[in-house]
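I have placed the structure first, in the form of structure tokens, so that the comments after it can refer back to it.
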Amino acid sequence: MIRAIVAAIAFLLGAAAGAREPPGLHSALDRLAVEGRFSGAVVIRGPEGIRFARGYGLADPFANRAFTPDTPADSGSLAKPVTAAAVLMLAREGKLDLDAPVRRYLPEYPHASTIVRHLLAHSAGLSIDESERSIVGKTNEALLAEARRGEPLFEPGSGFTYCNLCSVALAILIERVSGSHYLDFARTRLLLPAGVALRPRRLSDWAGRAIGYRRTTDGKVERADSYEDERFYGAANLSVSASQLAEWGTQWWRPPLTSIRSPATTPAMISAKRSGLTWGNWYCAPGGRRCHYLGHHEGFHHMLYWDSERRVSLALVSNNTLAPALQQRLQRALVAFAEGRSAQARRELAQPLADRPVAPGRYRFPTGEAVVVRSKRKSSLAVDRREIEYPAYRMGAGIRYVPGLDAYLAGAPGGGLRWLSLHEDFRGAPSAPRR
């Protein structure tokens, strides 16, 4: 009996110790907020519960309303792993075949040779005008109907292009196959927290939400906000808080999501080559134990990260248009803080990514791997890694972001390349082309 009591006390003390805030995390985020570089919330959960949950800065800078861990925000693309998980769950239950033509489930789908896996892998070659004027007021079905007007960008399954419309099509497919509304399925079958919702069409109906903003060069605040009357879903447009994101992250080491974790964390294949994204729309470290995804829209920038071995879930939500030089450094620092590597976390925050232009060329990493940066039309760039080409979008004067690899690129002194992802920090040296 005494031994049992001692064991119980030891367990409680251990849980209490594990629940302590990561040393230095609050002071680091508070400093960024005071300097005007961060506004948002961070929540970290472990097996014992919440380890850290704080808000910083203003959710509404025009009404002086503070940001909290429960402030709802525009999810951006963090809806995509929810959509992919729903598809994988239906496949596990035998209700759809990932290798079947999409037209088996959506007869109106525009391209006969596209299979469901192509949509998951962002390799369907779908393209629409994603400007504000072209997407507001349009339902999922309306956006998919517009895709019928043209040919795919490439033979489905042969290339990569970051594809919002792919997830929109998958949301329609989920509803057709399951007979349930997309959000109902996500809540009941994927254990998405009940408070997560589809954002209202009218922004005025979105109570207590975070408003995206940025500061001009003269210090004034201007909106960089969600669009009015966005109706589509599957690719974006969830209303979600940092607390809710972190809670959903913990489901990835529990049933029922453990039943699909293996396919969800397995790299997608494009033309028999390994993609930087998984079938579940996660960026995962080798082994599929540590995975994350991002949401970015106007002034919003978010991350959900989970580690199924350490049983840690981390959510970052922000609304102040984080500087590109800080985005990946902050994310790397938060993971380091969560893992007890406070000194490394402080070094990350002290080394923002230099905003230098990236030059086309071939670069070799210290690991021996080489990547190619290519110049495309209209001064755009693309990155070839493991024989798959990914677009590299400008994020500042020189920094480029590569969706599909979650890599930030910048020029380095001496003509090199700086490559920064959540798990990689490389300086690529210029390398002569192979003959």
Quiz item: Considering residues at least two apart in sequence or located in another chain, which fulfil the ring-ring contact (aromatic ring centres under 6.0 Å, His included) criterion with W248?
Solution: W252
Quiz item: Within a reach of under 6.0 Å around CD of E387, are more than 12 heavy atoms found that belong to other residues, nucleotides or ligands?
Solution: no
Quiz prompt | Lys/Arg cation over aromatic F62: R223, 6.0 Å, 45° cone | solution = yes
Practice problem: Examine W282 together with W306 and report whether their ring centres are nearer than 6.0 Å. | Solution: yes
Quiz item: NE2 of H302 to CG of L245: how many Å apart, nearest 0.5 Å?
Solution: 7.5 Å
Exercise. With the side chain counted from C-beta on, respond yes when L294 and H296 share a heavy-atom pair under 4.5 Å apart, and no when they do not.
Key: no
Quiz item: So, the side chain of Q244 versus the backbone of S241: is there a donor-acceptor pair under 3.5 Å, distance only?
Solution: yes
Quiz item: Which residues pass the side-chain contact (heavy atoms from CB on, under 4.5 Å) test with F154, sequence neighbours left out?
Solution: S158, T161
Practice problem: Step by step, work out the side chain to side chain contact (heavy atoms under 4.5 Å, CB included) result for N320 and L58. | Solution: CA-CA 9 Å; N320 70 311; L58 299 175; over 6 Å; no
Practice problem: May I ask you to test the K138-E146 pair for a side-chain heavy-atom distance under 4.5 Å? | Solution: yes
Exercise. Could you check if a side-chain atom of S313 sits within less than 4.5 angstrom of a side-chain atom of L304, using non-hydrogen atoms only?
Key: yes
Exercise. Determine yes or no for a side-chain-to-main-chain donor-acceptor pair under 3.5 angstrom, with R189 supplying the side chain and A86 the backbone.
Key: no
Exercise. Show your reasoning for whether side chain to side chain contact (heavy atoms under 4.5 Å, CB included) applies to L349 and L326.
Key: CA-CA 8 Å; L349 294 175; L326 178 63; 4.2 Å; yes
Quiz prompt | pair P324-D355: side-chain heavy atoms closer than 4.5 Å | solution = no
Quiz item: Does atom CZ of R427 have more than 12 heavy-atom neighbours, drawn from other residues, nucleotides or ligands, at distances under 6.0 Å?
Solution: no
Quiz item: Just checking, any donor-acceptor pair under 3.5 angstrom between side chains of S318 and Y56?
Solution: no
Quiz item: How close do L120 and W279 get, heavy atom to heavy atom, and via which atoms?
Solution: CD2-O, 3.7 Å
Practice problem: Assess whether side-chain hydrogen bond (donor to acceptor under 3.5 Å, both in side chains) is satisfied between T83 and Y233, documenting all intermediate values. | Solution: CA-CA 9 Å; T83 301; Y233 53 88; over 6 Å; no
Exercise. Using the ring pair (Phe, Tyr, Trp, His ring centres under 6.0 Å) rule, pick out the option among Y162, W419, Y408 that qualifies with Y401.
Key: Y408
Quiz item: Can you name the one residue among D225, D70, D60 that meets salt bridge (charged side-chain N to carboxylate O under 4.0 Å, His left out) with R209?
Solution: D225
Quiz item: So F365 and F426, would you call those rings parallel, tilted or perpendicular, with 30° and 60° as cut-offs?
Solution: tilted
Quiz prompt | Minimum side-chain heavy-atom gap L203-R199 below 4.5 Å | solution = yes
Quiz item: Under 6.0 Å between ring centres, would you say that holds for F337 and H26?
Solution: no
Quiz item: If only atom types and distance count, is the side chain of T321 paired as donor or acceptor with the main-chain N or O of Y213 below 3.5 Å?
Solution: yes
Quiz item: What orientation do Y283 and Y293 show, parallel under 30°, tilted 30 to 60°, or perpendicular over 60°?
Solution: parallel
Quiz item: Under 3.5 Å, is there a donor-acceptor pair between the side chain of R187 and the main chain of V196?
Solution: yes
Exercise. Find the distance between CD1 (I388) and CG (L405) and round it off to the nearest 0.5 Å.
Key: 8.5 Å
Exercise. Take H292 and D406, measure what side chain to side chain contact (heavy atoms under 4.5 Å, CB included) needs, and give me the verdict at the end.
Key: CA-CA 10 Å; H292 71 284; D406 186 38; 2.6 Å; yes
Practice problem: Return the minimal non-hydrogen interatomic distance between G208 and P72, and the atom names on each side. | Solution: O-CD, 3.5 Å
Practice problem: Using only heavy-atom distances, determine whether the side chains of Y305 and Q331 contain a donor-acceptor pair under 3.5 Å. | Solution: no
Self-check item: Residue pair L183 / A197: nearest heavy atoms and the distance that separates them
Solution: CD2-CA, 3.8 Å
Exercise. Give the minimum heavy-atom separation between G415 and P430, together with the two atoms involved.
Key: O-CG, 3.2 Å
Practice problem: Would you indicate whether the side-chain heavy atoms of E369 and R386 approach each other to under 4.5 Å? | Solution: yes
Exercise. Answer whether the closest heavy-atom distance between the side chains of L314 and M303 falls below 4.5 Å.
Key: yes
Practice problem: Measure the spacing between OG1 of T258 and CD of Q251 and express it to the nearest 0.5 Å. | Solution: 10.0 Å
Practice problem: State, to 0.1 Å, how close V402 and A392 come at their nearest heavy-atom pair, and which atoms those are. | Solution: CG2-CB, 3.9 Å
Quiz prompt | N/O donor-acceptor pair under 3.5 Å between K80 side chain and A235 backbone | solution = yes
Quiz prompt | Donor-acceptor contact present, side-chain Q344 to main-chain R341, <3.5 Å | solution = no
Quiz item: Would a distance-only check, ignoring hydrogens and angles, find a side-chain to backbone donor-acceptor pair under 3.5 Å from S123 to I270?
Solution: no
Quiz item: Roughly how far apart are L322 CG and M395 CE, rounded to 0.5 Å?
Solution: 9.5 Å
Quiz item: Where do R418 and D425 land on the salt bridge (Lys or Arg N to Asp or Glu O under 4.0 Å) test, with the steps shown first?
Solution: CA-CA 8 Å; R418 192 61 186 266; D425 186 356; 2.8 Å; yes
Quiz item: Taking all atoms of both residues into account, what is the closest heavy-atom pair of G411 and V358, and its distance?
Solution: N-CG2, 3.8 Å
Quiz item: Roughly how far, to the nearest 0.5 Å, is CG of L78 from CG of N237?
Solution: 12.5 Å
Quiz item: Roughly how far, to the nearest 0.5 Å, is the CZ atom of R254 from the CG atom of L191?
Solution: 9.5 Å
Quiz item: Between Y390 and H122, is the gap from one ring center to the other below 6.0 Å?
Solution: no
Practice problem: Would you please test R311 and T250 for side chain to side chain contact (heavy atoms under 4.5 Å, CB included) and show each step? | Solution: CA-CA 7 Å; R311 298 198 170 190; T250 68; over 6 Å; no
Quiz item: Would you say the side chains of S431 and R362 form a donor-acceptor pair under 3.5 Å?
Solution: yes
Quiz prompt | Check: N140 and E175 side chains under 4.5 Å, non-hydrogen atoms | solution = no
Quiz item: Are a donor atom and an acceptor atom from the side chains of N319 and S39 found within less than 3.5 Å of each other?
Solution: yes
